[in-house]
J.: 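Sharing a structure below in structure tokens format, with a few things to ask.
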Amino acid sequence: MYPEEAIAPMREELVESGFTEWKTVQEVEDYFQQQKGTALVVINSVCGCAAGTARPGVIQGIKQSSKKPDGLYTVFAGVDREAVQAVRNRTQPYPPSSPSIALFRDGRLAHFIERTHIEGNTAEQVARQVLSALDKHC
């Protein structure tokens, strides 16, 4: 588990852009029990591709899109373990992946951007993936 003071700036980057953090299983479950519409969920992490590509890319994609999800949420891999697992249970059949970006529609997974589609790409490429998902599902 990472110390909170080390990951705080990584959490803040998404929160300052309008994301709500889920830190507990109960927060995740409460949301999905009543979810209607679309939700974009970022499984955040401390790795370099989260810092240089995933977080900037998802923020850029949301800003550029004319179609917005109804909610923006994030969980932090390696820190909020149970909340992350609750989200990952909903992204199956995809294997665990962080960072990753999931788009849900009415509580069901509509689109998933795995680490393999983030790592080695630029933030702009990730933004285009987010734009495409939002355009199709929102």
Side-chain angles (χ1 to χ4, degrees):
M1 193 145 175
Y2 301 102
E4 187 60 37
E5 59 274 2
I7 62 151
M10 298 171 214
R11 286 188 189 273
E12 301 264 330
E13 188 173 359
L14 291 174
V15 171
E16 289 174 359
S17 294
F19 284 78
T20 298
E21 286 188 290
W22 289 330
K23 293 184 177 184
T24 67
V25 172
Q26 192 62 52
E27 290 171 324
V28 174
E29 294 306 321
D30 286 349
Y31 176 79
F32 278 101
Q33 286 176 3
Q34 53 187 300
Q35 191 214 3
K36 298 284 186 245
T38 54
L40 189 71
V41 181
V42 174
I43 299 178
N44 200 355
S45 76
V46 298
C47 70
C49 64
T53 308
R55 290 191 301 267
V58 75
I59 292 165
Q60 181 181 14
I62 292 165
K63 285 181 180 177
Q64 291 176 352
S65 180
S66 61
K67 296 184 176 183
K68 307 291 186 202
D70 297 309
L72 301 170
Y73 301 92
T74 183
V75 292
F76 208 107
V79 179
D80 306 320
R81 294 176 191 264
E82 293 82 15
V84 169
Q85 187 57 51
V87 171
R88 285 181 173 159
N89 289 342
R90 296 178 180 280
T91 63
Q92 292 179 3
Y94 295 96
S97 178
S98 58
S100 58
I101 304 161
L103 181 63
F104 294 92
R105 181 165 190 78
D106 296 331
R108 304 187 91 194
L109 185 64
H111 190 84
F112 191 64
I113 302 170
E114 299 177 79
R115 179 186 176 111
T116 58
H117 297 121
I118 296 170
E119 190 174 36
N121 286 312
T122 65
E124 292 76 21
Q125 290 169 315
V126 171
R128 283 195 296 274
Q129 292 179 63
V130 170
L131 279 163
S132 175
L134 295 175
D135 187 52
K136 183 176 181 181
H137 299 288
C138 290

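Atoms considered below: every heavy atom in the structure, side chains included; atoms not considered: hydrogens, waters and symmetry mates. These numbers come from a predicted model, not from an experiment.
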J.: Distance-only, no hydrogens or angles: does the Q34 side chain make a donor-acceptor pair with backbone N or O of D30 under 3.5 Å?
T.: yes
J.: Donor-acceptor pair, R55 side chain versus A123 backbone, under 3.5 Å?
T.: no
J.: Any side-chain donor-acceptor pair under 3.5 Å between Q85 and N89?
T.: yes
J.: Same hydrophobic cluster for L72 and I118, using side-chain heavy-atom links shorter than 4.5 Å among ILVMFWY?
T.: yes
J.: Once rounded to the nearest 0.5 Å, what's the spacing between atom CD of Q60 and atom OG of S65?
T.: 12.0 Å
J.: If you look at every heavy atom in V15 and E21, which pair is closest and at what distance?
T.: CG2-CG, 3.6 Å
J.: What's the spacing between T24 OG1 and E82 CD if we round to 0.5 Å?
T.: 9.5 Å
J.: Is the centre of the F76 ring less than 6.0 Å from the centre of the Y2 ring?
T.: no
J.: Measure the CZ-CG distance between F104 and L40 for me, rounded to the nearest 0.5 Å.
T.: 9.5 Å
J.: When you look at E4 and R11, which way does the side chain to side chain contact (heavy atoms under 4.5 Å, CB included) test go after all the steps?
T.: CA-CA 9 Å; E4 187 60 37; R11 286 188 189 273; 2.9 Å; yes
J.: Hey, what do you get for CH2 (W22) to OH (Y31), rounding to the nearest 0.5 Å?
T.: 6.0 Å
J.: Tell me whether E29 contacts the main-chain N or O of Q26 through its side chain, where contact means a donor paired with an acceptor under 3.5 Å.
T.: no
J.: Side chain to side chain contact (heavy atoms under 4.5 Å, CB included), that's the test. Do I59 and L14 meet it? Break it down for me.
T.: CA-CA 8 Å; I59 292 165; L14 291 174; 4.1 Å; yes
J.: Can a donor-acceptor pair be found, under 3.5 Å and without considering hydrogens, that links the side chain of T38 to the backbone of D70?
T.: yes
J.: With rounding to the nearest 0.5 angstrom, report the CD1 to CD distance, I7 to E12.
T.: 10.0 Å
J.: With a cut-off of 6.0 Å (strictly less than), are more than 12 heavy atoms of other residues, nucleotides or ligands near NZ of K63?
T.: no
J.: Starting from the C-alpha separation in whole Å, work towards a yes-or-no answer on side chain to side chain contact (heavy atoms under 4.5 Å, CB included) for T53 and E119.
T.: CA-CA 7 Å; T53 308; E119 190 174 36; over 6 Å; no
J.: As an exercise, state the distance from CZ of R88 to OG of S100, rounded to the nearest 0.5 Å.
T.: 6.5 Å
J.: Go through I113 and Y94 one step at a time and tell me if the side chain to side chain contact (heavy atoms under 4.5 Å, CB included) criterion holds.
T.: CA-CA 10 Å; I113 302 170; Y94 295 96; over 6 Å; no
J.: Hey, does the side chain of T74 reach the backbone of V42 with a donor-acceptor pair shorter than 3.5 angstrom?
T.: yes
J.: Are L103 and V58 joined in one hydrophobic group, where the rule is that I, L, V, M, F, W and Y side chains link up if heavy atoms are under 4.5 Å apart?
T.: yes
J.: Does a side-chain heavy-atom distance below 4.5 Å link C47 with P99?
T.: yes
J.: Between D106 and K36 (side chain of the first, backbone of the second, donor and acceptor by atom type, cut-off under 3.5 Å), is there such a pair?
T.: no
J.: Which donor-acceptor pairs under 3.5 Å do side chains of residues 127-138 form with protein atoms, sequence neighbours excluded?
T.:
residue : atom : partner : partner atom : Å
Q129    : NE2  : H117    : O            : 2.8
H137    : NE2  : A110    : O            : 3.4

J.: For A77 and S45, work out which heavy atoms get closest and say how close.
T.: CB-CB, 4.4 Å
J.: If you draw the axis of the six-membered ring of F32, does the NZ or CZ of R90 fall within 45° of it and under 6.0 Å from the ring centre?
T.: yes
J.: Do side-chain atoms of E27 reach the backbone of K23 as a donor and acceptor pair under 3.5 angstrom?
T.: yes
J.: Heavy atoms only: give me the nearest V25-A86 pair and the separation to one decimal.
T.: CG1-CB, 4.3 Å
